[in-house]
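Structure, as structure tokens:
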Amino acid sequence: MRTLTIGAVVLLTGCLARAPLEQQSFLFNPPPPPAPKGAPGSRVLGIRTLEVAAPFEERAFVYRSGENSYDSDPYAGFMVVPAEGLVSPVCNWLRQAGAFSAVVEADSAVKPDAMVEIHVGQLYGDFRQSEKPTAVLAMRFVFLDASNGIPRNVILQREYSREIPLNARTATALIEGWNQALAQILDSVTLDFEHVETNSPAP
């Protein structure tokens with residue numbers, strides 16, 4: 001009995017002596033867009049909604065571990081829920097890109113004449129192949145004309161997705177991949193919107 005008691009104490013002490021895993025919190029911070037080559041667009045864009053699909057809406061990072069299995073990381077996550085954390089970076093990126101004269105958030109006193117609804121359908125690290133980890137991001141953008149202050153007809157509706165290879169299976173590498181994916185998607189969104197606006201018939 002004495003031997004068993006000593007063994008149990010040693011085992012418990014050994015577990016408690018391990019350094020706890022460090023909690024990590026991250027924010028979206030995509031690389032900035034290239035400097036615009038021409039004059040800014042004439043539209044004032046308002047972010048009407050930004051939603052994240054239920055499996056990825058919480059702060060914890062999500063990893064895909066199998067064909068139909070996903071795991072959440074209790075030690076690495078976003079500082080705020082993704083739906084809140086994406087609004088400011090998206091607004092800032094679109095402002096700098098030059099496709100709009102201004103980009104405002106939903107509670108702004110400035111009245112937009114175009115609005116966008118953004119839905120994030122995928123936001124996870126794909127770790128199914130240990131030697132090929134990737135950051136996965138998929139987003140849908142719906143731009144609406146709001147010339148009279150009320151959203152009306154659709155200007156542009158399109159899905160975008162990116163899979164960015166990672167150099168490590170770590171949370172830091174994953175957020176860097178998501179930031180790169182976000183910048184690439186926003187660049188495509190800007191080009192597509194400019195193309196639609198340039199080629200739309202005059203009122």
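The figures here come from the full heavy-atom set of this structure, side chains too, leaving out hydrogens, waters and symmetry mates.
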Practice problem: Please answer whether the main-chain N or O of Arg43 pairs with a side-chain N or O of Ser101 as donor and acceptor at a distance below 3.5 Å. | Solution: yes
Practice problem: Search all heavy atoms of Ile155 against all heavy atoms of Ala114 and return the closest pair with its distance. | Solution: CD1-CB, 4.5 Å
Quiz item: Apart from Leu27 itself, what residues make up its hydrophobic cluster when side-chain heavy atoms of I, L, V, M, F, W and Y under 4.5 Å apart count as a link, directly or indirectly?
Solution: Met79
Practice problem: Say whether Leu186 and Leu191 are linked into one hydrophobic cluster, either directly or through other cluster members, by side-chain heavy-atom distances under 4.5 angstrom. | Solution: no
Quiz item: After noting the C-alpha distance and the side-chain angles of Trp93 and Ile185, does the key distance pass the side chain to side chain contact (heavy atoms under 4.5 Å, CB included) rule?
Solution: CA-CA 11 Å; Trp93 203 100; Ile185 287 175; over 6 Å; no
Quiz item: Is the backbone of Ala183 close enough, under 3.5 Å, to the side chain of Asp187 for a donor and an acceptor to pair up by distance?
Solution: no
Self-check item: Residue that, paired with Tyr75, satisfies side-chain contact (heavy atoms from CB on, under 4.5 Å) out of Gln23, Gln24, Glu22
Solution: Gln23
Exercise. State, to 0.1 Å, how close Ala99 and Thr190 come at their nearest heavy-atom pair, and which atoms those are.
Key: CB-CG2, 3.4 Å
Quiz item: Who pairs with Phe193 by ring-ring contact (aromatic ring centres under 6.0 Å, His included), at least two apart in sequence or on another chain?
Solution: Phe100, Phe143
Quiz prompt | Nearest-0.5 Å distance that lies between atom CD1 in Ile150 and atom CG in Leu144 | solution = 12.5 Å
Side-chain donor/acceptor pairs under 3.5 Å, residues 116-124, sequence neighbours excluded:
residue : atom : partner : partner atom : Å
Glu117  : OE2  : Arg48   : NH1          : 2.5
Tyr124  : OH   : Arg64   : NH1          : 3.3

Practice problem: For the pair Ser161 and Gln184, evaluate side chain to side chain contact (heavy atoms under 4.5 Å, CB included) and give the outcome as yes or no after the intermediate values. | Solution: CA-CA 9 Å; Ser161 64; Gln184 291 184 11; over 6 Å; no
Self-check item: Worked verdict on Asp126 versus Lys132 for side chain to side chain contact (heavy atoms under 4.5 Å, CB included)
Solution: CA-CA 8 Å; Asp126 191 341; Lys132 294 181 180 180; over 6 Å; no
Quiz item: Is there a side-chain contact between Glu84 and Val52, using heavy atoms and a 4.5 Å cut-off?
Solution: no
Practice problem: Determine which pairs satisfy ring pair (Phe, Tyr, Trp, His ring centres under 6.0 Å) with at least one residue from residues 146-169, sequence neighbours left out, and list them in order. | Solution: Phe141-Tyr160
Self-check item: Sub-4.5 Å side-chain heavy-atom contact between Trp178 and Phe26
Solution: no
Exercise. Can you measure from OG (Ser130) to CZ (Arg169) and round to the nearest 0.5 angstrom?
Key: 6.0 Å
Quiz item: What residues join Val110 in its hydrophobic cluster, counting side-chain heavy atom gaps under 4.5 Å, either direct or through other members?
Solution: Val44, Val104
Quiz prompt | Which atom of Ala173 lies closest to which atom of Ala168, heavy atoms considered | solution = CB-O, 3.5 Å
Quiz item: Can you tell me how far the CD atom of Glu176 sits from the CD1 atom of Ile164, to the nearest 0.5 Å?
Solution: 12.0 Å
Quiz item: Which residues satisfy the side-chain contact (heavy atoms from CB on, under 4.5 Å) test with Glu131, sequence neighbours excluded?
Solution: Gln129
Quiz item: Are Ile175 and Val136 co-members of a hydrophobic cluster defined by side-chain heavy atoms under 4.5 Å apart?
Solution: yes
Quiz item: Where do Ser188 and Arg162 land on the side chain to side chain donor-acceptor pair (under 3.5 Å) test, with the steps shown first?
Solution: CA-CA 11 Å; Ser188 295; Arg162 294 292 186 276; 2.8 Å; yes
Quiz prompt | Taking every non-hydrogen atom, the tightest pair across Pro30 and Pro89 | solution = CD-CB, 3.8 Å
Quiz item: Would a 4.5 Å heavy-atom cut-off, applied to side chains only, mark Leu166 and Phe127 as touching?
Solution: yes
Quiz item: Nearest 0.5 Å, what's the OG-CD1 distance between Ser108 and Ile47?
Solution: 11.0 Å
Quiz item: What are the two closest heavy atoms between Val62 and Pro55, and how far apart are they?
Solution: CG2-O, 3.7 Å
Quiz item: After noting the C-alpha distance and the side-chain angles of Leu174 and Tyr63, does the key distance pass the side chain to side chain contact (heavy atoms under 4.5 Å, CB included) rule?
Solution: CA-CA 10 Å; Leu174 182 55; Tyr63 310 131; 3.6 Å; yes
Quiz item: How long is the gap from CD on Glu197 to CG on Asp192, to the nearest 0.5 Å?
Solution: 12.5 Å
Practice problem: Over all heavy atoms of both residues, which pair between Gln96 and Pro36 is shortest? Give the atoms and the distance, please. | Solution: O-CD, 3.5 Å
Quiz prompt | Nearest-0.5 Å distance, CG of residue Asn29 to CG of residue Leu182 | solution = 10.0 Å
